[in-house]
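One is the number of the first residue; the rest follow in order along the sequence. Owing to the predicted nature of the structure, the values given are computational and were not obtained by experimental measurement. Just the heavy atoms: all of them, side chains too, but no hydrogens, waters or symmetry mates, feed the values below. Remember, it's 1-based here, ligands and their atoms both numbered in the order they're listed.
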Amino acid sequence: MTASPTADPIDSPTPPRNGDTMTVRGGQPVEGSIHVRGSKNAMPKAMVAALLTTEPCHLTNISSITDIAVVDELISIAGGTVERDADSVRITAHTFNTLGEADVMRLHTASRIPVLTTAVSLHRTGHAVVAAPGGCSIGPRPVDFHLLVLRAFGARDEHHDDVIELHADRLRGARIELPFPSVGATEQFLFASALAEGDSELSNAAIEPEILDLVCVLQKMGAIISVEPNRTIRVTGVGELGGFEHRVIGDRLEAASWASLALATGGNITVHGVQQQELSTFLNVYRRAGGDFTIDADGNTLSFRRARRMLRPLALETDVHPGFMTDWQSPFVTALTQADGVSVIHETVYEDRLGYTDALRSLGAQIQVFTECLGPTRCRFGAGNHRHSAVVVGPTKLHGAELVIPDLRAGFSYVIAAAAAEGESLIHGVDLLDRGYSDFRAKLEAVGVEHR
Ligand code: EPZ
């Protein structure tokens with residue numbers, strides 16, 4: 001039996017043509033303001049952290065994205081209680097039951113979050129089950145780095161057809177170097193090391209703002225964690241962890257998506273709820289491309305606009321933090337179809353994250369995808385046959401087309417392209433957007449994108 005695909009819920013396979021559809025009429029500059037709430041890639045990790053204690057944990061600034069529903073269900077199956085209101089969630093994990101194979105298979109197919117409960121399960125029960133990796137729309141999404149981390153802490157793994165079973169009597173502190181600064185594997189290390197016996201160290205760690213937010217949550221719970229300047233994280237294991245009160249950081253990926261919409265349509269959008277320093281690399285690239293922004297004194301209200309009649313083309317390479325975030329790539333590249341010249345893009349984090357450019361071509365964009373590394377870095381994908389670089393020729397006049405959304409970030413790019421195109425576009429699979437962009441249609445309304 002083939003392994004079940006493990007994917008971010010936002011990267012599920014392309015929906016059918018009769019999926020949730022939206023018609024967008026483009027050609028007008030957008031104008032308006034929106035509020036961005038808790039980060040899709042920070043919230044669920046803080047919820048997993050709550051499973052490391054039997055005390056109540058309270059998270060605020062929670063957004064109503066459906067991606068979180070998977071985590072609610074996971075916590076309930078594991079024996080925890082989840083009480084949710086409009087923008088907060090209270091979690092209490094008095095007990096923890098290891099997920100059964102059927103639940104693991106089902107939940108892992110819908111989300112990348114369940115794999116993060118492996119260390120938690122080993123701490124709470126000495127046993128864990130993980131779905132064998134599978135593909136999704138941006139790459140194979142393996143879990144080998146997670147297994148590398150857990151084995152280092154003393155876990156023993158047995159591979160079956162569709163699942164990997166792990167056992168450990170007591171996780172012991174370990175020194176680990178990641179082959180790549182994986183966000184998920186770093187989070188797995190944090191969950192394992194916080195309650196492990198002795199000291200731990202992770203080098204070549206991910207240090208994204210969402211990781212640092214999780215470090216703050218764990219520190220509130222009683223963990224002893226230091227993030228060194230050279231991408232090394234050191235942890236001293238403690239005997240137990242307590243509850244927490246925490247306001248989740250804003251979603252910098254969503255903020256950049258709306259900013260890219262303003263750039264592509266020549267409009268202006270004010271985004272509330274994300275801190276400037278979490279967007280600093282994006283802001284520099286935005287300004288280089290001919291966008292501009294004003295930021296209020298608190299640094300959490302940013303007004304984005306196109307500052308020049310014609311956008312400037314760019315050579316853009318994605319990277320781990322503090323580089324240009326891979327999740328910013330597809331919305332921003334969509335705006336580069338309107339730049340006056342040739343832009344070159346090199347995606348170095350995922351091997352297959354340029355699939356959305358096929359749809360942009362159907363709207364009239366001139367984009368060619370290559371397997372070569374078209375950037376200063378020879379990345380992990382240069383040797384394989386991965387279509388991970390692109391050349392965009394602009395400006396191109398975009399026209400309406402029928403589109404099927406394959407994943408969250410590509411989906412937002414389609415809406416950006418449709419809003420920048422003359423005429424109407426019919427977009428299928430819009431419900432995928434609700435998994436990572438809360439109140440998506442209301443926000444489109446707020447910035448004046450004509451849709452039905
Ligand atoms: C997180 O995914 C985010 N998802 C992704 O956001 C984001 O793009 C990614 O980090 C990179 O920043 C969530 O936080 C829920 P990784 P994650 O482990 O943790 C390879 C979005 O649009 N890898 O940093 O799964 C992997 O294949 C989503 O919001 C292994 O090879 O990402 C990829 O090439 C998309 N083996 C690279 O590392 C492993 O065991 C980065 O993956 C794990 C990862």
Side-chain angles (χ1 to χ4, degrees), residues 5-12 38-48 63 65 67-68 70-71 108 110-118 130-151 157 164 176 178-191 202 204-211 213-214 231 248-249 251-257 278 281 318-331 347-353 355-356 379-381 384 386 388 405-413 432-433 435-437:
T6 52
D8 274 334
I10 47 125
D11 300 331
S12 55
S39 157
K40 173 192 95 57
N41 293 348
M43 281 187 290
K45 291 58 173 297
M47 292 171 74
V48 170
S63 61
I65 56 173
D67 191 10
I68 295 300
V70 176
V71 192
H108 277 242
S111 169
R112 286 288 282 180
I113 307 304
V115 69
L116 297 177
T117 63
T118 310
V130 175
C136 74
S137 63
I138 58 176
R141 309 304 292 277
V143 293
D144 51 333
F145 298 165
H146 294 255
L147 294 175
L148 178 151
V149 166
L150 294 163
R151 287 183 192 124
D157 52 297
I164 302 163
I176 306 163
L178 282 181
F180 181 82
S182 152
V183 167
T186 301
E187 291 159 342
Q188 191 78 255
F189 167 83
L190 289 171
F191 294 134
L202 181 69
N204 202 26
I207 52 171
E208 272 69 3
E210 294 78 17
I211 295 275
D213 198 48
L214 178 58
R231 207 184 277 281
V248 179
I249 56 169
D251 194 320
R252 64 194 176 108
L253 308 177
E254 177 175 0
S257 299
E278 289 152 13
T281 301
T318 65
D319 200 350
V320 296
H321 191 75
F324 191 89
M325 175 87 192
T326 175
D327 300 337
W328 292 331
Q329 182 254 106
S330 52
E347 167 59 60
T348 71
V349 176
Y350 287 105
E351 53 269 73
D352 186 13
R353 200 165 199 180
Y356 69 94
C379 77
R380 294 168 295 149
F381 309 128
H386 301 295
H388 70 294
I405 290 177
D407 67 68
L408 174 69
R409 306 302 170 188
F412 202 109
S413 311
L432 275 175
L433 292 169
R435 299 181 176 185
Y437 297 102

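Proximity to H146 (heavy-atom distance under 4.0 Å) selects the following atoms of ligand 1: 40 (O). Listed by number with element, the atoms of ligand 1 under 4.0 Å from a non-hydrogen atom of R353 are 8 (O), 22 (O), 35 (C). Heavy-atom contacts of G184 reach the following atoms of ligand 1: 18 (O), 19 (O) (cutoff under 4.0 Å). Listed by number with element, the atoms of ligand 1 under 4.0 Å from a non-hydrogen atom of V349 are 33 (C), 34 (O), 37 (C), 41 (C). Close contacts between ligand 1 and M325 involve ligand atoms 12 (O) [criterion: under 4.0 Å to a heavy atom].
When side chains are defined from C-beta on, L150 counts as touching T118, because their heavy atoms get closer than 4.5 Å. Residues S330 and D407 form no side-chain contact, since every pair of their non-hydrogen atoms from C-beta on lies 4.5 Å or further apart. At a threshold of 4.5 Å between non-hydrogen side-chain atoms, the residues V130 and H146 do not count as touching.
Summarising the contacts of atom 31 (O) of ligand 1 with P142, P44, P181, the nearest heavy atom is found in P142. Proximity annotation for atom 6 (O) of ligand 1: of T326, D327, T186, D407, D327 comes nearest, heavy atoms only. Considering only non-hydrogen atoms, atom 5 (C) of ligand 1 lies nearest to Y350 out of F412, Y350, W328.
Checked by distance only, ligand 1 and R409 come closer than 3.5 Å through their nitrogen or oxygen atoms. Residue K40 places at least one N or O, backbone or side chain, under 3.5 Å from an N or O of ligand 1. Checking only distances, E187 never comes within under 3.5 Å of ligand 1, N or O to N or O. Considering both main-chain and side-chain atoms, L408 never comes within under 3.5 Å of ligand 1 through any nitrogen or oxygen pair.
With hydrogens and angles ignored, the 3.5 Å screen pairs no side-chain donor or acceptor of S257 with any backbone N or O of P331. In this structure, the side chain of R380 engages the main chain of V349 through a donor-acceptor pair within 3.5 Å.
Ligand 1 is never approached by H321 to a heavy-atom distance shorter than 4.0 Å. Ligand 1 has at least one atom lying under 4.0 Å from a heavy atom of K45.
Between R409 atom CZ and E254 atom CD the span is 8.0 Å, to the nearest 0.5 Å. The line from CG of L253 to OH of Y437 is 7.0 Å long, rounded to the nearest 0.5 Å. Summarising the geometry, atom CG belonging to L432 is positioned 6.5 Å from atom CD1 belonging to I405; distances are rounded to the nearest 0.5 Å. Residue K40 holds its NZ atom at 11.0 Å from CZ of R435, rounded to the nearest 0.5 Å.
Considering T318, T348, D327 as possible partners of R353, the one that fulfils the side chain to side chain donor-acceptor pair (under 3.5 Å) test is D327.
Heavy atoms of V183 found under 4.0 angstrom from ligand 1 belong to the backbone as well as the side chain.
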